[in-house]
Amino acid sequence: MAEAHQAVGFRPSLTSDGAEVELSAPVLQEIYLSGLRSWKRHLARFWNDFLTGVFPASPLSWLFLFSAIQLAWFLQLDPSLGLMEKIKELLPDWGGQHHRLRGVLAAALFASCLWGALIFTLHVALRLLLSYHGWLLEPHGAMSSPTKTWLALVRIFSGRNPMLFSYQRSLPRQPVPSVQDTVRKYLESVRPILSDEDFDLTSVLAQEFLRLQASLLQWYLRLKSWWASNYVSDWWEEFVYLRSRHSLMVNSNYYMMDFLYVTPTPVQAARAGNAVHALLLYRHRLNRQEILPTLLMGMRPLCSAQYEKIFNTTRIPGIQKDHIRHLRDSRHVAVFHRGRFYRVGTHSQSGLLSPRALEQQFQRILDDPSPACPQEEHLAALTAAPRDVWAQVRSSLKTQAEDTLEAVEGAAFFVSLDSEPAGLTREDPAATLDAYAHALLAGRGHDRWFDKSFTLIVFSNGKLGLSVEHSWADCPISGHMWEFTLATECFQLGYSADGHCKGHPDPSLPQPQRLHWDLPEKIHLSISLALRGAKTLSGNVDCHVFPFSHFGKSFIKRCHLSSDSFIQMALQLAHFREPQRRAMFRLAVEKHQALLKAAMSGQGVDRHLFALYIVSQFLHLQSPFLDQVHSEQWQLATSQIPVQQIHLFDVHNYPDYVSSGGGFGPADDHGYGVSYIFMGDDTITFHISSKKSSTKTDSHRLGQHIEDALLDVACLFQEGPRPKLRCRGLQEEDSGHRHGSLSCHTGGSRPPTKSTNL
């Protein structure tokens with residue numbers, strides 16, 4: 001998503017004085033440190049690695065194997081073919097009375113060795129199986145005999161009931177693509193947008209790169225791929241995110257929206273109570289690894305490492321680069337309301353607080369009449385400041401208010417109780433939806449702690465949203481958590497008839513702890529400057545959100561096309577405003593699908609070129625070709641928000657209760673950021689952003705172009721003239737349709753809820 005913007009800002013961060021000092025280290029040392037970081041992560045989660053490392057076996061399987069060997073030994077059978085006798089000879093002689101103990105120990109050692117060998121064999125076999133990507137190249141809906149055989153073997157070697165990290169040790173290493181193939185694919189991708197003269201120049205630079213520098217840089221990447229767990233991921237995290245000195249707000253963070261057409265309750269504290277409880281239930285499942293690993297197209301497991309840092313995580317600013325601080329546990333959330341900060345405990349002696357108890361705590365905060373202290377109200381604007389500025393101020397702040405800062409940074413996550421309503425309204429649906437997106441992306445510049453892994457935003461009318469810091473994980477991870485949260489707080493936890501959380505308040509709970517900041521005068525000016533910069537950045541963002549309901553995924557499937565590639569090609573059509581015909585459009589969709597599958601199998605272009613560029617900087621090796629690649633501007637950054645847990649929602653009986661996705665800032669000052677989500681089978685919601693300061697962009701104009709492009713493309717695949725329908729759900733006269741009621745409501749189509757034993 002928004003990492004494209006940081007990739008654009010990557011080059012200046014490398015050429016700053018401070019960065020040059022660090023990048024002068026030998027590349028071999030950096031490769032060694034990358035591997036060291038990988039091994040440290042494995043040691044930090046030793047027990048989980050043990051449980052998942054023996055998967056698809058289990059510790060009980062060792063006991064079964066040991067018992068079987070003992071039984072065979074009792075029956076005077078030797079399954080070890082004499083090995084146990086040799087093991088007994090190597091053990092110390094403790095006397096005749098301990099002869100039987102030596103036999104038991106020998107059997108245990110033999111069982112352990114055999115058990116380990118079997119597990120190792122399973123891991124190697126599964127890793128080899130998962131290295132096969134032929135199934136990606138097959139037409140959708142068709143499966144060849146080799147792929148069927150492969151899938152059957154994967155299911156056999158995968159075992160039953162995998163936990164979240166069960167496949168981590170069996171995943172093959174990220175392959176380093178052929179540098180010749182990467183350059184060829186890059187030239188293919190830029191050919192349509194370059195003039196003949198510019199393309200000829202780029203081709204010459206590419207051939208010069210292949211002849212002079214490519215083989216050396218590629219050698220270092222292959223070395224890193226064998227030593228570290230991934231040849232590019234840690235560099236991507238560091239140089240694209242953590243070394244960026246830009247403000248996190250708009251440039252890096254992204255947002256997730258609530259249900260679009262309904263709000264389960266208008267009671268702000270109640271919605272906060274259920275949402276926080278649902279999020280903590282998700283954390284509990286995450287800690288116990290009860291979340292199922294993601295399977296690509298239902299067949300191939302994906303890496304689950306990014307799930308580790310969802311909670312208890314903060315990005316700490318530094319002068320030259322930031323670092324991510326992750327705690328093993330946290331028993332409180334930090335809450336912001338009307339310029340005041342609070343610490344709210346999430347557990348009692350009996351366990352996790354009930355939703356009703358959490359609602360009670362949030363209501364106490366809402367009812368607190370005390371004013372904010374001077375400068376406290378705008379303090380969080382520092383987290384939206386340039387990172388080096390915030391790092392310097394934070395050093396002073398930590399000296400003066402260390403405990404308070406720790407209460408915020410050490411929280412499970414940040415909660416902002418907004419004083420204003422948000423969401424779609426009947427009076428002005430388009431404007432209010434755009435304002436809702438803007439409030440989630442930027443807020444007022446001082447009411448989000450942008451360093452936290454995510455901020456839960458609860459508006460005064462009960463509407464929800466997330467603001468997510470990007471460096472710790474990508475959107476599918478936070479999206480998975482958000483789907484669980486919305487489904488759980490609405491369908492499982494539910495609300496009483498008066499809109500409150502179910503259950504009873506707990507008057508014995510202590511009051512939420514008001515956090516007090518001892519702010520030195522020398523940082524008052526920094527807070528004011530940070531607030532001014534945040535407001536300027538926020539005011540320059542143009543957000544536009546619209547649900548497209550003329551057709552959706554079901555129509556695209558009937559066209560026998562990939563839904564994601566269909567939308568991507570329509571976005572290109574809308575951006576460049578060029579005519580296409582049906583055959584050309586189908587070819588473009590097929591080409592996009594081929595590129596997508598190549599990227600899914602580790603044969604993409606951008607990460608490989610990025611890693612080659614990093615190595616060239618470590619070696620102080622100038623490459624005009626790589627310099628040109630990384631100086632390009634991203635005028636159209638796009639992303640689909642995947643719906644991963646459709647089973648949690650009843651889209652047929654309650655179609656309004658579906659997440660409406662989220663969005664991110666533009667990647668370039670003269671470009672667009674566009675995300676989209678398929679809401680059920682018949683609606684696609686688009687989130688568009690751009691800069692108001694640009695004379696080349698307009699989010700609303702692009703939205704109209706997207707709608708026109710989609711309708712034009714639809715005409716290519718159906719009989720008759722172009723549909724003349726308007727986007728339903730934004731029209732007063734559609735009151736009879738399920739999307740007609742645009743105001744937030746709690747009755748009528750509310751889904752059934754049930755109590756859960758907490």
Could you tell me which non-hydrogen atom of [X] sits nearest to which non-hydrogen atom of [Y], and how far apart they are?
{"X": "D234", "Y": "N230", "answer": "OD1-O, 4.0 Å"}
{"X": "G443", "Y": "S538", "answer": "O-OG, 3.6 Å"}
{"X": "L353", "Y": "H277", "answer": "O-ND1, 2.9 Å"}
{"X": "P666", "Y": "G671", "answer": "CB-O, 3.5 Å"}

Judged by modelled atom types alone, do [X] and [Y] share a side-chain donor-acceptor pair under 3.5 Å?
{"X": "H544", "Y": "D434", "value": "yes"}
{"X": "H326", "Y": "T313", "value": "yes"}
{"X": "N253", "Y": "S467", "value": "yes"}
{"X": "S304", "Y": "Q306", "value": "no"}
{"X": "S416", "Y": "T455", "value": "no"}
{"X": "Q361", "Y": "Y342", "value": "no"}
{"X": "N312", "Y": "R325", "value": "no"}
{"X": "S675", "Y": "H687", "value": "no"}

Residues that D506 engages under salt bridge (charged side-chain N to carboxylate O under 4.0 Å, His left out), provided they are two or more places apart: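 None.
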
My understanding is that only residues two or more places apart in sequence, or in another chain, count here; which of them pass salt bridge (charged side-chain N to carboxylate O under 4.0 Å, His left out) with D542?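 Here no residue qualifies.
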
Please walk me through it: do E238 and K321 pass side-chain contact (heavy atoms from CB on, under 4.5 Å)? CA-CA 8 Å; E238 178 179 352; K321 70 173 183 178; 3.3 Å; yes

How would you list, by chain and number, every residue that makes a ring-ring contact (aromatic ring centres under 6.0 Å, His included) with F450, sequence neighbours excluded?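 With sequence neighbours excluded, F450 shows a ring-ring contact (aromatic ring centres under 6.0 Å, His included) to no residue whatsoever.
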
So does [Y] get a backbone contact from the side chain of [X], meaning a donor-acceptor N/O pair under 3.5 Å?
{"X": "S354", "Y": "A357", "result": "yes"}
{"X": "T263", "Y": "T265", "result": "no"}
{"X": "Q645", "Y": "H480", "result": "yes"}
{"X": "K463", "Y": "M257", "result": "no"}
{"X": "N540", "Y": "T536", "result": "no"}
{"X": "E489", "Y": "G494", "result": "no"}
{"X": "S526", "Y": "V393", "result": "no"}
{"X": "T404", "Y": "L515", "result": "no"}
{"X": "D258", "Y": "L464", "result": "yes"}
{"X": "W472", "Y": "S453", "result": "yes"}

Centroid-centroid under 6.0 Å between [X] and [Y] rings:
{"X": "F610", "Y": "W236", "value": "yes"}
{"X": "H470", "Y": "Y254", "value": "yes"}
{"X": "F454", "Y": "F311", "value": "yes"}

Passing candidate, salt bridge (Lys or Arg N to Asp or Glu O under 4.0 Å) with E409, options K398, K452, R394: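 Of K398, K452, R394, salt bridge (Lys or Arg N to Asp or Glu O under 4.0 Å) with E409 is met by R394 alone.
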
Over 12 foreign heavy atoms within 6.0 Å of CG, D403: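 No, not enclosed.
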
Apply side-chain contact (heavy atoms from CB on, under 4.5 Å) to D518 and list each qualifying residue two or more places apart in sequence or on a separate chain. Q400

What distance separates I641 CD1 from W482 CH2, expressed to the nearest 0.5 Å? 13.0 Å

Between atom OG of S660 and atom CZ of F259, what is the distance when rounded to the nearest 0.5 Å? 9.0 Å

Whether R315 and D451 form a salt bridge (side-chain N of Lys/Arg under 4.0 Å from carboxylate O of Asp/Glu) is what I want to check.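 Looking at D451 and R315, the cut-off is not met.
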
Basic-acidic side-chain contact under 4.0 Å: R245, D388: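 Looking at R245 and D388, the cut-off is not met.
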
Worked check of salt bridge (charged side-chain N to carboxylate O under 4.0 Å, His left out) between D447 and R338: CA-CA 8 Å; D447 50 358; R338 291 199 297 112; over 6 Å; no

Applied to residues 371-386, the side-chain hydrogen bond (donor to acceptor under 3.5 Å, both in side chains) test, sequence neighbours excluded, yields E376-R514

L440 vs F459, test: side-chain contact (heavy atoms from CB on, under 4.5 Å). Steps then yes/no. CA-CA 10 Å; L440 294 176; F459 295 94; 3.8 Å; yes

Only pairs at least two apart or in different chains count here, so list each salt bridge (Lys or Arg N to Asp or Glu O under 4.0 Å) that has a residue in residues 345-373. R340-D368, R356-E359

